[in-house]
Protein chains: 2
Amino acid sequence: MKDKDINITNKIRDKGLKLTTQRMIILEAVYDLGNHPTTDEVVRYVRTKNPAISQGTIYKTLEIFVKNKIISKVEKAGGVFRYDGVTQMHHHLFEEESERIDDYYNEELNDLLIDFFDKNKIPGFQVHHIKLNIKGEFKN
Amino acid sequence: MKDKDINITNKIRDKGLKLTTQRMIILEAVYDLGNHPTTDEVVRYVRTKNPAISQGTIYKTLEIFVKNKIISKVEKAGGVFRYDGVTQMHHHLFEEESERIDDYYNEELNDLLIDFFDKNKIPGFQVHHIKLNIKGEFKN
DNA sequence: GTGGTTGCAAACCCTTTGCACGGCA
DNA sequence: TGCCGTGCAAAGGGTTTGCAACCAC
């Protein structure tokens with residue numbers, strides 16, 4: 001068994017979820033596809049590994065992963081869901097026209113934000129998670 | 001003509017869009033409903049003012065307003081669109097279970113963010129707009 | 001006058017659901 | 001063995017589209 005498989009196995013088992021072939025392949029898909037895949041992209045990836053896995057299962061399984069915080073949904077207006085296998089704090093760069101979404105990591109920014117909300121509690125609201133949506137355009 | 005109507009009229013005309021009854025009522029709906037209405041909420045509001053306005057027109061018109069930056073879409077995972085009539089820089093508080101979305105205004109935070117990205121340009125990306133998604137829970 | 005807008009209704013498409021079968025623990 | 005997970009296919013529901021009639025400019 002490869003390191004990658006062990007990692008995937010643990011992610012699933014650590015949440016008390018049953019380990020099945022379907023779940024392993026679906027989680028592998030999110031990780032391997034990397035760039036915030038849509039459900040459809042996950043479906044196509046999974047097909048290449050095992051065409052017998054149904055679309056319904058993929059939809060259900062992705063939701064189970066989200067509920068168990070193994071992956072997360074990218075906040076995205078537009079009827080299509082995207083999933084994100086990165087669980088550490090990071091932000092997103094959006095380009096509207098192209099639908100492109102890149103990750104943006106910056107420790108200094110994270111510290112700045114955490115520090116800000118430590119000092120400035122929001123009345124009547126307890127913060128769990130902060131994420132910056134940065135809209136603009138990619139230049140080549 | 002009320003001040004409100006003049007304001008709405010100008011918002012539409014200033015973008016070079018034709019002024020129609022439908023557009024005025026639809027824009028009024030987004031402003032009056034206030035709290036990030038869904039398309040369906042806009043449809044219901046518009047019906048009370050003029051039942052003859054069709055749902056298709058409302059969908060098309062809201063998209064036209066977004067394209068012309070008169071209003072904006074709230075980034076939201078979930079198949080339902082929400083619209084936001086507030087154009088000044090602000091942030092959103094999300095509570096997942098309840099679907100509640102409140103606005104969060106903080107000038108100091110805005111300055112902090114603008115200053116940060118002035119000093120820390122993102123290679124290959126030009127920032128147009130920054131918005132924080134703050135997830136957590138409302139306490140009563 | 002005329003090109004953009006609207007109304008209508010059907011089509012779309014992603015997502016959800018129900019249920020019987022199958023397989024992990 | 002028991003119960004959770006899966007496959008299948010149909011239903012659901014918000015959104016989009018096409019086109020003829022209409023109307024601001």
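These numbers come from a predicted model, not from an experiment. Chain identifiers are assigned alphabetically (A, B, ...) following the order of the sequence lines, protein sequences preceding nucleic acid strands; residue numbering begins at 1 within each chain. Just so you know, these numbers use all the heavy atoms, side chains as well, and skip hydrogens, waters and symmetry mates.
- Salt bridge Asp102(B)/Arg100(B): present, at least one basic N to carboxylate O contact under 4.0 Å.
- What separates NZ of Lys18(A) from P of dG2(D) is a distance of 13 Å, to the nearest Å.
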Determine whether His90(B) and Lys131(B) satisfy the following criterion, side chain to side chain contact (heavy atoms under 4.5 Å, CB included), listing intermediate values before the conclusion. CA-CA 7 Å; His90(B) 67 290; Lys131(B) 175 169 255 165; 3.9 Å; yes
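- Atom CD1 of Ile6(B) sits about 7.5 Å away from atom CG of Asn10(B), to the nearest 0.5 Å.
- Rounded to an integer number of Å, the gap from NZ of Lys67(B) to P of dT16(D) is 9 Å.
- Considering only side-chain atoms of Ile53(B), the nucleotide from dC25(D), dG2(D), dG7(C) that sits closest is dG7(C).
- Note that the NE2 atom of His129(A) and the NZ atom of Lys69(A) stand 9.0 Å from one another [nearest 0.5 Å].
- Taking every side-chain heavy atom of Ser54(B) into account, dG7(C) is the closest of dC8(D), dC25(D), dG7(C).
- OP1 or OP2 of dT6(D) has at least one side-chain nitrogen or oxygen of Thr20(A) nearer than 4.0 Å.
- Put simply, CG on Leu62(B) is 15 Å from P on dT5(C), counting in whole angstrom units.
- Atom CD1 of Ile25(A) is separated from atom C1' of dG5(D) by 14 Å (rounded to the nearest Å).
- Taking 4.5 Å as the limit, some side-chain heavy atom of Leu62(B) sits within range of a side-chain heavy atom of Val30(B).
- Using a 4.0 Å cut-off between charged side-chain N and carboxylate O, Lys49(B) and Glu28(B) make a salt bridge.
- Just one residue in the list Glu96(B), Glu95(B), Lys135(B), Glu137(B) forms a side-chain hydrogen bond (donor to acceptor under 3.5 Å, both in side chains) with His128(A), and that residue is Glu137(B).
- Regarding Leu17(B), its CG atom lies at a distance of 16 Å from the C1' atom of dC23(D), rounded to whole Å.
- Rounded to whole Å, atom P of dC8(D) lies 11 Å from atom CD1 of Ile58(A).
- Here the side chain of Thr57(B) is nearest to one of dT6(C), dC8(D), dC3(D), namely dT6(C).
- DNA chain C lies under 4.0 Å from no heavy atom of any residue of residues 28-38 of chain B.
- Applying the under-4.5 Å side-chain rule to Ile, Leu, Val, Met, Phe, Trp and Tyr, the cluster around Tyr105(B) extends to Val86(B).
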Assign a letter to each nucleotide of nucleotides 10-20 of chain C from its 5' end: B, base within under 4.0 Å of a protein heavy atom; S, sugar-phosphate only; -, no contact. ----SBBBB--
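- Counting heavy atoms from C-beta outward, Thr38(A) and Tyr83(A) have side chains that stay 4.5 Å or more apart.
- At the phosphate of dC24(C), neither OP1 nor OP2 sits under 4.0 Å from any side-chain N or O atom of Arg23(A).
- Atom pair Met24(B):CE and dT5(C):P shows a separation of 16 Å (rounding to whole Å applied).
- Applying the ring pair (Phe, Tyr, Trp, His ring centres under 6.0 Å) criterion to Phe138(A), with sequence neighbours excluded, gives Phe125(B).
- Spacing between atom CZ of Arg13(A) and atom P of dC24(C) amounts to 12 Å, rounded to whole angstrom units.
- If one axis is set at each end of the helix from dG1(C)-dC25(D) to dA25(C)-dT1(D) from five pairs, those axes are 50° apart, to 10°.
- For residues 4-43 of chain B, the set of pairs meeting the ring-ring contact (aromatic ring centres under 6.0 Å, His included) definition, not counting sequence neighbours, comprises His36(B)-His92(B).
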As a quick check of understanding, evaluate side chain to side chain contact (heavy atoms under 4.5 Å, CB included) for Thr61(A) and Leu27(A), giving each step before the final call. CA-CA 9 Å; Thr61(A) 302; Leu27(A) 187 50; over 6 Å; no
